Amino acid sequence: MNLNRAVDLSGQSWHTNTPKMIKYAHVQKWVDEMAAMCQPSDISWCDGSEAEQRRLTAKALRTGELIELNQKKLPGCYLHRTAANDVARSEHLTYICTSFQGDAGPNNNWMSPRDAYRKARALFNGAMKGRTMYVVPFAMGPIGSPFSKIGIELTDSTYVVLNMRIMARMGETVLDALGPQGEFTRCLHSKADLDMNRRLILHFPEDNAIWSVGSGYGGNVLLGKKCLALRIASVLAQREKWLAEHMLILGIEEPNGHIQYVAAALPSACGKTNLAMLLPPEGLEKKGYRIWTVGDDIAWMRVDTDGRLWAINPEMGFFGVVPGTNSKTNRNALITVSRDTIYTNVALRPDGTVWWEGHDDPPPAKAIDWQGKPWKPTLKDPQGKPVLSSHPNSRFTAPFINCPSHSFRFEQHHGVPISAIIFGARRAALAPLVYEALNWDHGVYIGATMASERTAAQFGTLGEVRRDPMAMLPFCGYNMADYFGHWLDMGARLKHQPKIFHVNWFRTDEQGKFLWPGFGENLRIVEWILARCREEVPGVPTPIGYVPNPKDIDMTGLQLPAGAMEKLLAVNRNDWLAELDAIRDFFEQFGTRLPDAMWQQHNALRRRLQNAKK
Ligand code: OXD
Ligand code: MN
């Protein structure tokens with residue numbers, strides 16, 4: 001390594017490798033300032049090469065940050081374990097730091113930039129002592145695309161560098177694209193001492209900066225993902241008139257070879273990754289349907305010169321939940337994670353492969369659990385409950401191109417044209433299997449009032465409804481009232497507006513059993529959605545929007561019990577009137593900042609429900 005001695009203003013020194021990449025004064029100045037604060041032992045600029053990946057992997061294996069898995073069975077795969085208190089996004093420690101609290105809105109934790117920098121500086125001071133500070137240039141979106149944004153993450157975690165390499169375009173080509181004065185998001189991360197009481201995830205939209213300290217969990221530290229591509233990007237999107245959304249993007253190829261694309265926002269535990277990688281059910285596959293995965297988590301969407309909405313997935317990889325992944329729920333995901341994957345917090349089997357709850361294989365007689373302790377299937381906790389081998393939020397980081405259904409349009413600079421936007425929720429009652437908004441503004445109201453019932457797997461009271469507008473509650477970097485206004489404006493800019501739909505795969509019968517089989521069968525509903533976009537089938541008007549005529553849903557190879565489809569599509573007037581009261585309470589927290597159009601939609605829905613026959 002080419003080592004040069006550099007000296008900071010306080011007289012401290014560190015070693016830095018200076019490959020030909022270091023060429024921009026504005027980048028160097030910022031790196032120097034951050035290094036002076038964090039005091040790393042050396043600085044390494046990442047070029048994104050395979051040699052670098054091999055070197056960093058070897059280092060992570062030496063330090064124990066990674067464990068090598070069986071390279072014959074899982075080539076290129078490694079296991080990482082996080083600290084036990086660092087296994088998920090820390091929403092309560094995540095802040096939007098704007099000069100005015102109103103700009104962050106009631107949906108975000110807020111701190112003034114002054115307080116936030118002061119608190120964080122105390123935590124970052126000397127936090128990288130004895131460690132390398134990596135400089136990771138990355139692009140979200142194809143390099144050179146009008147969609148793309150560049151960030152540079154400084155981190156003291158080798159795990160972060162190796163994950164960023166999977167999740168984003170990374171290295172020298174990005175710095176080349178940045179140019180000598182290029183704007184980039186300044187991302188600073190240190191594991192520091194991984195102490196939850198000294199953890200902060202801070203977003204500075206006014207400075208285009210992100211500071212994250214005290215965590216090693218992906219959602220808190222892979223700063224290109226939730227922090228940049230959603231929280232900071234949502235602010236940039238409002239300013240620059242585009243949309244940064246928590247949505248999957250899916251292409252549906254019909255038997256005639258025509259591909260249409262949809263973007264869908266579903267809150268967690270509603271099957272987003274499964275829908276993104278959906279395998280057509282046998283009946284539809286035989287007819288010639290195919291699915292193309294463009295993205296599973298984030299969509300950036302712009303109005304193009306043709307007046308349509310075009311979308312890219314700014315990421316390069318999947319950061320998916322592992323438990324429950326098997327050949328029935330998501331065969332494509334299983335293939336995706338069979339090579340070049342970093343697993344986090346899953347169980348290790350004696351043969352050097354991994355296992356998790358919901359795996360195809362039966363539980364191993366013995367294994368090492370996600371915390372590195374011996375595990376066997378009969379193990380119980382002091383309350384007598386089975387001990388899990390893998391953390392419920394254990395993750396895989398896997399390259400996008402590993403997915404058998406990955407779209408050939410993935411690298412295209414302009415992305416894919418979106419025909420339909422789908423909002424989804426988990427509701428045992430109330431929301432029909434699918435319904436279509438009356439128009440764009442009504443669709444924005446449907447997205448803004450999205451809500452899901454908590455499952456046993458989630459925190460909080462079972463069945464309690466949590467409102468999660470557009471699945472963006474934890475990710476919108478500004479006041480959601482303004483965000484709804486931005487969605488309304490975007491509709492006015494579109495000459496060809498995508499139609500907007502709402503789906504609910506989780507409606508249950510009187511015995512609490514799911515009425516709809518879900519998974520691959522959901523393609524039947526997406527097909528109806530696309531038929532509506534092509535104006536091939538009429539919708540049945542109801543007060544809440546259009547529902548399908550059951551005969552327009554292709555049921556080849558699927559038989560539902562008698563009466564199930566009617567129950568799935570029913571609109572219960574009294575349930576909806578009660579829902580309106582809850583929506584009113586939710587809207588009121590935004591005060592006068594909420595666009596009038598939202599109240600107009602709300603009142604119009606009430607009138608339609610009141611006028612409907614009892
Ligand atoms: C994710 C999330 O990790 O939404 O994608 O939490
Ligand atoms: Mn997500």
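Here the structure is a predicted model, which means the values were calculated and not measured. Order of appearance sets the numbers: ligands from 1, and atoms from 1 within every ligand. Residue indices begin at 1 and follow the sequence shown.
Comparing R89, K225, R395 by heavy-atom distance to atom 3 (O) of ligand 1, the nearest is R395.
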Pair D103, W110 - check side chain to side chain donor-acceptor pair (under 3.5 Å), show working. CA-CA 9 Å; D103 291 343; W110 173 82; over 6 Å; no

Derivation of the salt bridge (charged side-chain N to carboxylate O under 4.0 Å, His left out) call for E240 and K149: CA-CA 12 Å; E240 298 166 3; K149 297 287 175 201; 2.9 Å; yes

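Side-chain contact between M472 and M480 is present, with heavy atoms from C-beta onward closer than 4.5 Å. M450 is listed as a side-chain neighbour of P267, based on a closest heavy-atom distance under 4.5 Å.
In this structure, R426 satisfies the cation-pi test against F506, with its NZ or CZ atom closer than 6.0 Å to the six-membered ring centre and inside 45 degrees of the ring normal. Geometrically, R89 does not engage Y217 in a cation-pi contact, judged by NZ or CZ lying under 6.0 Å from the ring centre and within 45° of the ring axis.
Within D297, OD1 is the N, O or S atom that lies nearest to the Mn ion (ligand 2).
The part of F475 lying near ligand 1 is the side chain, judged by heavy-atom distances below 4.0 Å.
Metal site remark for the Mn ion (ligand 2): K226 contributes an N, O or S atom at a distance under 2.8 Å.
Taking every non-hydrogen atom of D297 and a distance limit under 4.0 Å, the qualifying atoms of ligand 1 come out as 5 (O). The H246 neighbourhood of ligand 1 comprises atoms 4 (O), with distances under 4.0 Å to a heavy atom of that residue.
Contact annotation: K226 has at least one heavy atom less than 4.0 Å from an atom of ligand 1.
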